Peer 1: 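Following this message is one structure expressed as structure tokens.
Computed from a predicted structure; not experimentally measured. Atoms within a ligand are numbered from 1 in the order they appear, just like the ligands themselves.
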Amino acid sequence: MTIGKIIDGKAFAEGLRAEVARGVAGFLASQGRTPGLAVVLVGDDAASAVYVRNKGKMTVAVGMESLEFRRPSATTQEELIELVEELNGDPAVDGILVQLPLPDHIDDKAVIATIDPAKDVDGFHVVNAGRLAVGEQALVPCTPLGCLMLLKDELGDLSGLEAVVVGRSNIVGKPMAQLLLNENCTVTLAHSRTRDLASVVHRADIVVAAVGRPEMVKGEWIKPGATVIDVGINRVPAAEEGKTRLVGDVATAEAASHVRAITPVPGGVGPMTIAVLLRNTLVAACARAGIAAPQGL
Ligand code: GUN
């Protein structure tokens, strides 16, 4: 049995971080300061605290300044907006990331709308979403941009390929579809109401699964030779009593025999997100300084 290539997202992300680190050194040499990334964490969600710690470590590892703002879960929306406005006005801050989810009493949209689009390294502001939609230079959400990098590395020119994105979130599915369209793919954006998802997925040369449902995309749905990007990170019970394991949105073991390439979970898309966040921060810093971003980023 032939086995498709398992895409090593961890290695690719390491390479990207090394490139960002070189770019940061160049930025320091020309601007006399390091790019700064501000991360805002409200409340005490355990998973968010882990993400934020990892982000902080990797930000410092590429030579950037990491600024962390922790606020209690009782923080009001007005207080959070005030903090974002301060960061907008702080010349040492090039990127602002407000960790989601926010506590229920805070409206995510109102907070994101306050972030200066030039510092919106998550690419969540409607100005950046709109720029991406019309094909203008934009800060693009980290996870889909990371997926696109892996796809281009694997396939080169994506022009004319059939791409099916499963999942229509604002953070992954929709920007992923826009990015693939900008690469001249024929794009289908499928979702929970899509009829006969199996046959829709079977058309695809590129499948991006971002639905958050464990192993929902079956191996037999995938066309032989297709390239599969699995964005899902789902914790499920393991064979051993009381243990859990991580699986993606794709039944990888079933698909691996006939795909051209597939990302594993863990070790595929996951490591790309923070690497792209650092890339976006450097790109934002260069744009704010009025200099070109390093080529190839
Ligand atoms: N929570 C989980 N992932 C992310 C992310 O990429 N950005 C933000 N802002 N919050 C998140």
Side-chain angles (χ1 to χ4, degrees), residues 9 13 16-17 20 36-59 64 66-71 73 75 77 80-81 83-84 87-88 93-104 106-129 132 138-150 167 169-176 178-179 208 210-212 229-235 246 248-249 263 265-266 268-284:
L16 178 57
R17 290 201 308 273
V20 170
L37 172 61
V39 174
V40 180
L41 175 61
V42 183
D44 38 30
D45 180 69
S48 290
V50 173
Y51 283 137
V52 167
R53 195 167 341 115
N54 285 338
K55 277 177 199 155
K57 274 193 213 154
M58 292 196 184
T59 304
M64 291 189 198
S66 170
L67 302 115
E68 272 180 34
F69 298 85
R70 288 167 189 266
R71 294 293 182 268
S73 49
T75 301
Q77 182 168 311
L80 186 55
I81 284 178
L83 172 60
V84 169
L87 297 172
N88 283 343
V93 171
D94 297 288
I96 302 170
L97 181 146
V98 178
Q99 184 69 25
L100 302 178
L102 288 169
D104 289 345
I106 299 178
D107 176 8
D108 299 3
K109 285 200 178 79
V111 176
I112 290 166
T114 309
I115 299 172
D116 178 350
K119 297 188 176 187
D120 171 37
V121 284
D122 258 330
F124 292 170
H125 194 288
V126 289
V127 164
N128 281 313
L132 174 63
L139 285 166
V140 176
C142 304
T143 301
L145 184 53
C147 294
L148 184 72
M149 288 177 182
L150 294 177
S169 71
N170 289 334
I171 294 177
V172 183
K174 280 185 212 165
M176 188 76 244
Q178 303 282 4
L179 284 168
V208 180
V211 277
I229 304 292
D230 189 350
V231 182
I233 301 176
N234 309 289
R235 198 165 278 287
L246 291 180
D249 291 347
T263 58
V265 177
V269 173
M272 291 298 292
T273 301
I274 294 179
V276 175
L277 173 69
L278 303 174
R279 177 260 181 211
N280 280 357
T281 305
L282 177 59
V283 166

Peer 1: Taking only heavy atoms of V98 into account, list the atoms of ligand 1 that are under 4.0 Å away from them.
Peer 2: 8 (C), 9 (N)

Peer 1: List ligand 1 atoms under 4.0 Å from L97, heavy atoms only on the residue side.
Peer 2: 9 (N)

Peer 1: What's the shortest distance from atom 8 (C) of ligand 1 to any protein heavy atom, and which residue and atom give it?
Peer 2: D122 OD2, 3.4 Å

Peer 1: Quick test: of every protein heavy atom, which one is nearest to atom 3 (N) of ligand 1, and how far off is it to 0.1 Å?
Peer 2: Q99 NE2, 4.3 Å

Peer 1: Give the numbers and elements of all ligand 1 atoms closer than 4.0 Å to a heavy atom of Y51.
Peer 2: 2 (C)

Peer 1: Once you round to the nearest 0.5 Å, how far does CG of L139 lie from OG1 of T281?
Peer 2: 8.5 Å

Peer 1: Counting N and O atoms only, with roles assigned by atom type, does the side chain of N170 sit under 3.5 Å from a partner on the main chain of F124, one being a donor and the other an acceptor?
Peer 2: no

Peer 1: Any donor and acceptor pair, going by atom type alone, linking the side chain of D122 with main-chain N or O of P141 inside 3.5 Å?
Peer 2: no

Peer 1: Answer yes or no: is there a donor N or O on one side and an acceptor on the other, between the side chain of D249 and the main chain of G212, under 3.5 Å?
Peer 2: yes

Peer 1: V98 pairs by side-chain contact (heavy atoms from CB on, under 4.5 Å) with which of L41, D120, I115, I112?
Peer 2: I115

Peer 1: Tell me which protein heavy atom sits closest to atom 10 (N) of ligand 1, plus the residue, atom name and distance to 0.1 Å.
Peer 2: L100 N, 3.0 Å

